[in-house]
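Structure first, then comments.
Just follow the structure's listing: the first ligand is 1, and inside any ligand the first atom is 1. When a residue number appears, it is its place in the shown sequence, counting from 1. Side-chain atoms are counted along with the backbone in the values below, which use heavy atoms only and exclude waters and symmetry mates. Predicted model only: the values in this text are computed from it and were never measured.
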Amino acid sequence: MSDIQRVGVVGSGLMGSGIAEVSARAGLDVIVVEVNAAATEAAQGRIATSLARGVKSGKLSEEDRDAALQRIRFTTDIGEFADRQFVVEAVAENEQIKTDVFTALDKVVKDDDAIFASNTSSIPIMKLGMATGRPEQVIGVHFFNPVPVLKLVEIVPSLLTGAATQDRAEQFVRETLHKEVIRSQDRAGFVVNALLIPYLLSSIRMLESGFASADDIDNGMVLGCAHPMGPLRLTDLIGLDTTKAIAESMYDEFKEPLYSPPPLLLRMVDAGLLGKKSGRGFHNYAK
Ligand SMILES: C[C@H](O)CC(=O)SCCNC(=O)CCNC(=O)[C@H](O)C(C)(C)COP(=O)(O)OP(=O)(O)OC[C@H]1O[C@@H](n2cnc3c(N)ncnc32)[C@H](O)[C@@H]1OP(=O)(O)O
């Protein structure tokens, strides 16, 4: 059984709040660091809604829901991470912001064996490792949205990640968080996004060129291929800003046109049409 009991989560957007929730449901002591009260409140709302779904569907008792909520503490002071054994960074998909987080973590986390994980989907783990004085303890641990529902975690060691860090991270993810693991080399997109992002971008190009409507593209893949949701609705779920950021990192890495974000995606992000989280993307989510 994994020895990890004290977890820190940096950032509590869609992914960070999901990671905090599954960690608390697994019985761990969780501290989440956020930038301000508004972001904290939004994350608390997301976690409460998600736990309420669990109660409603009979997967979680009210006592377990309350216990999970009790185990999550929010702060705006990363200094409170001194005793954390496993920290997951889940801030915006931006290299500078992420490297700053890793540099800060290296300063404040006192446990010599602590694991510094990143939920990045496309930024090299090697760069994050080099932002610390302990790259052998830095590893990619990439979850999927919605985190409480999807079973997969990609484990991504960099060239300098130690074997002990990889084994301990894998054991923790499997045995404590009850997720399935696949491993990937440290290449932008890892396994899943390297396959998924070109598909999502192709669907946006198809819409942009007038080839078919958003509903017909999505219905095509749901009804014709039994996908749980079509590619445009999935882009809305991931967030158009996140999809753009991942595509740009992959394009930077491989210089392949298939990873290049199409103009429609860029304009929609400029317009603040970010998908489900903003109420409008390729589809409308207005309440
Ligand atoms: C970009 C990143 O780097 C990587 C990524 O994350 S890529 C994105 C990967 N994600 C996907 O591909 C998602 C594909 N879509 C799906 O799996 C499904 O459509 C979906 C789970 C989002 C919704 O499922 P669907 O059956 O349509 O809806 P719904 O009946 O509401 O939900 C199914 C179950 O999931 C639960 N659920 C759905 N969304 C949830 C959420 N956000 N939080 C918690 N639970 C949730 C529901 O409570 C329900 O549970 P139940 O069966 O116990 O009642």
(request) Report yes if some N/O of Ser57 lies less than 3.5 Å from some N/O of ligand 1; otherwise report no. (result)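 Indeed, backbone or side chain, Ser57 has an N or O that close.
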
So for atom [atom1], which belongs to [X], do other residues, nucleotides or ligands contribute more than 12 heavy atoms lying within a distance under 6.0 Å?
X	atom1	answer
Phe211	CZ	no
Ile182	CD1	yes
Gln185	CD	no
Lys277	NZ	yes

Under 4.0 Å from a heavy atom of [X]: which atoms of ligand 1 are those, numbered in the order shown and with their elements?
X	result
Met229	14 (C), 15 (N), 19 (O)
Leu150	9 (C), 10 (N), 11 (C), 17 (O)
Leu196	7 (S)
Lys59	50 (O), 51 (P), 52 (O), 53 (O)
Leu234	8 (C), 10 (N), 11 (C), 12 (O), 13 (C)
Ser121	3 (O)

Looking only at protein heavy atoms, which one is nearest to [atom], and how far off is it?
atom	answer
atom 42 (N) of ligand 1	Pro146 CB, 3.5 Å
atom 4 (C) of ligand 1	Phe144 CD2, 3.4 Å
atom 18 (C) of ligand 1	Pro228 CB, 4.0 Å
atom 47 (C) of ligand 1	Arg53 NH1, 3.4 Å
atom 44 (C) of ligand 1	Ser50 OG, 3.0 Å
atom 2 (C) of ligand 1	His142 NE2, 3.7 Å
atom 1 (C) of ligand 1	Ile238 CG2, 3.5 Å

(request) Would you mind reporting whether Val153 and Leu177 have side-chain heavy atoms less than 4.5 Å apart? (result)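 No, every pair of side-chain atoms sits at 4.5 Å or beyond.
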
Using protein heavy atoms only, decide if any is under 4.0 Å from [atom].
atom	result
atom 14 (C) of ligand 1	yes
atom 53 (O) of ligand 1	yes
atom 20 (C) of ligand 1	no
atom 49 (C) of ligand 1	no
atom 29 (P) of ligand 1	no
atom 10 (N) of ligand 1	yes
atom 26 (O) of ligand 1	no
atom 6 (O) of ligand 1	yes

(request) Using a strict cut-off of less than 4.0 Å between a Lys/Arg side-chain nitrogen and an Asp/Glu carboxylate oxygen, indicate whether Arg267 and Asp270 qualify as a salt bridge. (result) yes

All N/O donor-acceptor pairs, side-chain side in residues 116-124, below 3.5 Å, sequence neighbours left out:
residue, atom, partner, partner atom, Å
Ser118, OG, Glu89, OE1, 2.5
Ser118, OG, Thr120, N, 3.0
Asn119, OD1, Phe143, N, 2.8
Thr120, OG1, Glu93, OE2, 2.6
Thr120, OG1, Ser122, N, 3.1
Thr120, OG1, Ile123, N, 2.9
Ser122, OG, Glu93, OE2, 2.9
Ser122, OG, Ser249, OG, 3.4

(request) Answer with side chain, backbone, both or neither: which part of Thr243 has a heavy atom less than 4.0 angstrom from an atom of ligand 1? (result) neither

(request) Please work out whether any backbone atom (N, CA, C, O) or any side-chain heavy atom from C-beta onward of Asn145 is under 4.0 Å from ligand 1, and answer side chain, backbone, both or neither. (result) both

(message) Please list all pairs meeting side chain to side chain donor-acceptor pair (under 3.5 Å) that have one or both residues in residues 24-53, counting only residues at least two apart or in different chains.
(response)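 Residue pairs with at least one partner in residues 24-53: Ser12-Glu34, Ser17-Arg46, Glu21-Arg25, Glu21-Ser50, Asp29-Arg84.
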
(message) Pairing donors with acceptors under 3.5 angstrom, does anything connect the side chains of Gln96 and Asp100?
(response)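 Distance-only check passes for Gln96 and Asp100.
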
(message) Is there a continuous path of hydrophobic side-chain contacts, each under 4.5 Å between heavy atoms, that joins Val191 to Val147?
(response) no

(message) Check for me, please, whether Val109 and Phe102 land in the same ILVMFWY cluster - side-chain distances under 4.5 Å, paths through other members count.
(response) yes

(message) When you measure from the heavy atoms of Ile246 to every atom of ligand 1, does any distance fall below 4.0 Å?
(response) yes

(request) Give me the ring orientation class for His227 and Tyr199: parallel if the planes are under 30° apart, tilted from 30 to 60°, perpendicular past 60°. (result) perpendicular

(message) Could you work out, for atom 35 (O) of ligand 1, the closest of Leu200, Val149, Val147 by heavy-atom distance?
(response) Val149

(message) Checking Leu274 against Val269 for the side-chain contact (heavy atoms from CB on, under 4.5 Å) test, could you report, in this order, the C-alpha distance in whole Å, the side-chain angles of both residues, the deciding distance, and whether it holds?
(response) CA-CA 6 Å; Leu274 305 182; Val269 172; 4.2 Å; yes

